[in-house]
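Written out below as structure tokens is the structure these notes cover.
Because the structure is a prediction, the values reported are computed rather than measured.
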Amino acid sequence: NPWLWEKIPGHERNEALDCRNYALAAFKALPLDLDAIDRRIKEAKKERNQAAPAPKQIKAQKPARNKTARNKYFDDW
């Protein structure tokens, strides 16, 4: 089905037409077998979930305070 575009008087912008054309071009650039791509993505997700061990929870340590450095910049009033 060929598309026919007519300009509507008073509507100067055409972002919707641009978006449709970009989406159509992106779809045509994809390989024909989209089902195979979907299967490969699902298999990769399964492998990643099975291979990745649970991350260890590491407790963050606070940096040691240096009282002399603090006193270097501030005076006790």
Side-chain angles (χ1 to χ4, degrees):
N1 291 338
W3 287 84
L4 180 62
W5 180 76
E6 293 182 18
K7 185 173 180 179
I8 299 173
H11 297 341
E12 299 299 324
R13 304 183 129 207
N14 64 353
E15 286 89 0
L17 179 65
D18 292 340
C19 289
R20 183 189 67 86
N21 288 339
Y22 293 147
L24 183 62
F27 181 73
K28 287 188 177 189
L30 290 172
L32 295 178
D33 194 4
L34 296 179
D35 292 329
I37 294 172
D38 186 46
R39 282 191 301 273
R40 285 178 32 200
I41 290 172
K42 288 179 181 176
E43 288 172 6
K45 283 183 182 179
K46 283 182 188 177
E47 288 175 7
R48 188 175 79 184
N49 289 339
Q50 291 173 354
K56 272 188 168 180
Q57 294 292 334
I58 299 173
K59 187 175 180 180
Q61 295 179 351
K62 292 182 181 178
R65 288 186 162 186
N66 187 351
K67 291 183 179 181
T68 58
R70 183 178 68 185
N71 290 338
K72 181 178 175 183
Y73 298 107
F74 299 104
D75 293 336
D76 286 334
W77 297 353

Distance in Å, Arg48 CZ paired with Lys45 NZ, rounded so as to fall on 0.5 Å steps: 7.5 Å
For Ile37, which residues count as a side chain to side chain contact (heavy atoms under 4.5 Å, CB included) partner, sequence neighbours excluded? Pro31, Leu34, Ile41
For Asp38, all residues meeting side chain to side chain donor-acceptor pair (under 3.5 Å), sequence neighbours excluded: Lys42
